[in-house]
Student: 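A single structure is presented below for examination.
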Protein chains: 2
Amino acid sequence: MSNNNLIKGSLQTIILKLLEENEKMYGYEITQRVKELTAGEIKITEGALYPALHKLEAEGLLSTEIQQVDNRVRKYYSLTKDGQKQVTSKMSELQGFVENLQRILTPDLKPGFNI
Amino acid sequence: MSNNNLIKGSLQTIILKLLEENEKMYGYEITQRVKELTAGEIKITEGALYPALHKLEAEGLLSTEIQQVDNRVRKYYSLTKDGQKQVTSKMSELQGFVENLQRILTPDLKPGFNI
DNA sequence: TCTTATACCTCAGATTCTTATGTATATAAT
DNA sequence: ATTATATACATAAGAATCTGAGGTATAAGA
């Protein structure tokens, strides 16, 4: 509820990874999934999510498909081929960063820590 | 060397934690320590570091002390009492965020993963 | 009827970074 | 003697990414 400023830079990876697991999702669904997975501790704001989705689409990593559900419009996003490739590299980039972070912040457990 | 955009938000915590372990450090020393701890994978740029140090000092978390070493000026930073308190909360905030990130990104290992 | 939930969107402002630039001394290389 | 690299500080323009507020619209529950 206030540590969300740490998200910067990892939101794209979160979106891509969720779409790798789910085939297709719409924006609102993504916010709810993240809230659910983190017990409400991380809340993706719409002001961050939608611009991020639009950017990923503009970069060719996501494709969209509009559906009508109960008179409501849903915009489904799914990974393109380029997007599928990017998931892997974005994930290892983020994992590598987290490992480096642990190396800096927990100097006691240097050799092999489990993630 | 390009995953540095993920640092956003965690630089303050890195600085505070290093100072908790080292009593006092100067800016250039911090950049070298981080480079050394991460095998050169994370490079703190001066444009990011110095403003961050100044901000932490302005917030009363760090105090400074200038020293002359070989006709060169060094500005040593150390934790104030407030700074010492903040290290703990910033650290648990960051650890909590990383845990939530793992919950989102690695849905396979939900129960108890080691960090 | 009003609030909450669902579902999309934009935009001003804040924060935090990168990259470039500037100053200055010391040392190693050419 | 000069140039490049290392040490050591700093600022500033611009980019990227977020927060928070606002807007539109439908559906369901109080």
Side-chain angles (χ1 to χ4, degrees), chain A residues 1-16 24-36 40-59 61-62 64-77 90 93-94 97 101, chain B residues 1-16 24-36 40-59 62 64-77 90 93-94 97 100-101:
Chain A
M1 178 114 50
S2 72
N3 64 1
N4 267 32
N5 66 317
L6 293 165
I7 279 206
K8 304 210 183 196
S10 53
L11 179 55
Q12 280 194 14
T13 308
I14 290 173
I15 292 170
L16 293 173
K24 68 182 190 180
M25 298 178 83
Y26 54 100
Y28 186 76
E29 189 184 7
I30 292 176
T31 66
Q32 299 307 304
R33 186 68 50 88
V34 169
K35 206 199 305 191
E36 167 199 321
E41 284 181 39
I42 293 186
K43 288 170 188 165
I44 308 291
T45 62
E46 296 177 314
L49 179 67
Y50 290 115
L53 286 171
H54 300 161
K55 196 191 176 194
L56 289 170
E57 188 187 4
E59 287 170 353
L61 305 185
L62 302 183
T64 60
E65 175 195 348
I66 285 168
Q67 273 191 17
Q68 287 280 344
V69 180
D70 299 325
N71 281 12
R72 266 205 221 89
V73 177
R74 277 185 193 166
K75 197 165 171 185
Y76 279 96
Y77 288 86
K90 290 260 185 188
E93 207 178 277
L94 183 50
F97 175 73
L101 212 49
Chain B
M1 181 124 38
S2 70
N3 64 2
N4 267 32
N5 65 315
L6 293 166
I7 279 207
K8 306 212 179 193
S10 53
L11 179 55
Q12 281 196 12
T13 308
I14 290 174
I15 292 170
L16 293 173
K24 68 183 192 180
M25 298 180 82
Y26 54 100
Y28 187 75
E29 189 183 8
I30 292 175
T31 66
Q32 299 307 304
R33 185 70 50 89
V34 168
K35 206 199 310 191
E36 168 198 321
E41 284 180 39
I42 293 186
K43 288 172 187 163
I44 307 291
T45 61
E46 296 176 313
L49 179 68
Y50 290 115
L53 286 171
H54 299 162
K55 196 190 175 194
L56 289 170
E57 188 187 3
E59 288 170 353
L62 301 183
T64 59
E65 177 194 347
I66 285 168
Q67 273 190 17
Q68 286 280 344
V69 181
D70 300 324
N71 281 12
R72 265 205 223 91
V73 177
R74 277 185 193 168
K75 197 166 171 184
Y76 279 94
Y77 289 86
K90 290 259 185 191
E93 207 179 276
L94 184 51
F97 176 71
N100 279 318
L101 213 49

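Heavy-atom basis, side chains included; hydrogens, waters and symmetry copies ignored.
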Student: For A:Lys75, which residues count as a side-chain hydrogen bond (donor to acceptor under 3.5 Å, both in side chains) partner, sequence neighbours excluded?
Tutor: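 By the side-chain hydrogen bond (donor to acceptor under 3.5 Å, both in side chains) rule, A:Lys75 matches no residue at all.
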
Student: Begin from the C-alpha positions of A:Leu94 and B:Leu101 and carry the test side chain to side chain contact (heavy atoms under 4.5 Å, CB included) through to its verdict.
Tutor: CA-CA 10 Å; A:Leu94 183 50; B:Leu101 213 49; 4.1 Å; yes

Student: Once you round to the nearest 0.5 Å, how far does CD of B:Gln32 lie from NZ of B:Lys43?
Tutor: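 Result: 10.5 Å between the selected atoms.
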
Student: To the closest 0.5 Å, what do you measure between CD (B:Glu93) and OG (B:Ser10)?
Tutor: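 Between B:Glu93 CD and B:Ser10 OG, I get 11.5 Å after rounding to 0.5 Å.
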
Student: Go through A:Val73 and A:Gln68 one step at a time and tell me if the side chain to side chain contact (heavy atoms under 4.5 Å, CB included) criterion holds.
Tutor: CA-CA 5 Å; A:Val73 177; A:Gln68 287 280 344; 3.6 Å; yes

Student: What is the distance, rounded to the nearest whole Å, between atom CD1 of A:Ile30 and atom P of C:dC8?
Tutor: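 Computing the A:Ile30:CD1 to C:dC8:P distance gives 9 Å.
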
Student: Among residues at least two apart in sequence or on other chains, which ones pass salt bridge (Lys or Arg N to Asp or Glu O under 4.0 Å) with A:Lys24?
Tutor: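 For A:Lys24, the residues satisfying salt bridge (Lys or Arg N to Asp or Glu O under 4.0 Å) (neighbours in sequence not counted) are A:Glu65.
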
Student: So if I take residues 69-76 of chain B and measure heavy-atom distances to DNA chain C, which residues fall below 4.0 Å?
Tutor: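 Heavy-atom contacts with DNA chain C come from B:Asp70, B:Asn71, B:Arg72.
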
Student: Specify the separation, in whole Å, of atom CD1 of A:Ile44 and atom C1' of C:dA7.
Tutor: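 Going from CD1 in A:Ile44 over to C1' in C:dA7 covers 17 Å.
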
Student: Show me the side-chain donor-acceptor pairs of residues 46-59 of chain A shorter than 3.5 Å, one per line, residues at least two apart or across chains.
Tutor:
{"from": "A:His54", "atom 1": "ND1", "to": "A:Tyr50", "atom 2": "O", "distance (Å)": "3.3"}
{"from": "A:Glu57", "atom 1": "OE2", "to": "A:Thr64", "atom 2": "OG1", "distance (Å)": "3.2"}

Student: Measure from the side chain of A:Gln32, starting at C-beta and using heavy atoms only, and say which of C:dT18, D:dT17, C:dT6 lies closest.
Tutor: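 Minimum distance to the A:Gln32 side chain belongs to C:dT6.
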
Student: Within this structure, what is the OH-to-P distance between A:Tyr28 and D:dA27, rounded to whole angstrom?
Tutor: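 It works out to 16 Å between those atoms.
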
Student: Nearest-Å distance, CD1 (A:Ile42) to C1' (D:dT17)?
Tutor: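 Taking atom C1' of D:dT17 as the reference, CD1 of A:Ile42 is at 16 Å.
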
Student: Rounded to the nearest Å, what distance is computed from the CD atom of residue A:Glu65 to the P atom of nucleotide C:dA7?
Tutor: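 Spelled out: CD on A:Glu65 to P on C:dA7 is 15 Å.
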
Student: Can you check the B:Lys43 NZ to C:dC17 C1' distance for me, whole Å?
Tutor: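 Distance check: B:Lys43 NZ to C:dC17 C1' gives 16 Å.
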
Student: Within less than 4.0 Å of OP1 or OP2 of D:dA8, is there a side-chain N or O belonging to B:Tyr26?
Tutor: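 So the side chain of B:Tyr26 is within the cut-off, an N or O lying under 4.0 Å from OP1 or OP2 of D:dA8.
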
Student: Once you round it to whole Å, what is the distance between P of D:dC9 and CD of B:Gln67?
Tutor: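 After rounding, the gap between these two atoms is 11 Å.
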
Student: How would you list, by chain and number, every residue that makes a side chain to side chain contact (heavy atoms under 4.5 Å, CB included) with B:Glu29, sequence neighbours excluded?
Tutor: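 Counting only residues at least two positions away or on another chain, B:Glu29 forms a side chain to side chain contact (heavy atoms under 4.5 Å, CB included) with B:Met25, B:Tyr26, B:Arg33, B:Tyr76.
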
Student: Which of residues 46-55 of chain A have a heavy atom under 4.0 Å from DNA chain C?
Tutor: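 Of all residues in residues 46-55 of chain A, the ones placing a heavy atom under 4.0 Å from DNA chain C are A:Glu46, A:Gly47, A:Tyr50, A:His54.
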
Student: Does the side chain to side chain contact (heavy atoms under 4.5 Å, CB included) test come out yes or no for A:Leu62 and A:Leu16, once each step is laid out?
Tutor: CA-CA 9 Å; A:Leu62 302 183; A:Leu16 293 173; 4.0 Å; yes

Student: Nearest-Å distance, CD1 (A:Ile66) to P (C:dC8)?
Tutor: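 Nearest whole value for this atom pair: 10 Å.
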
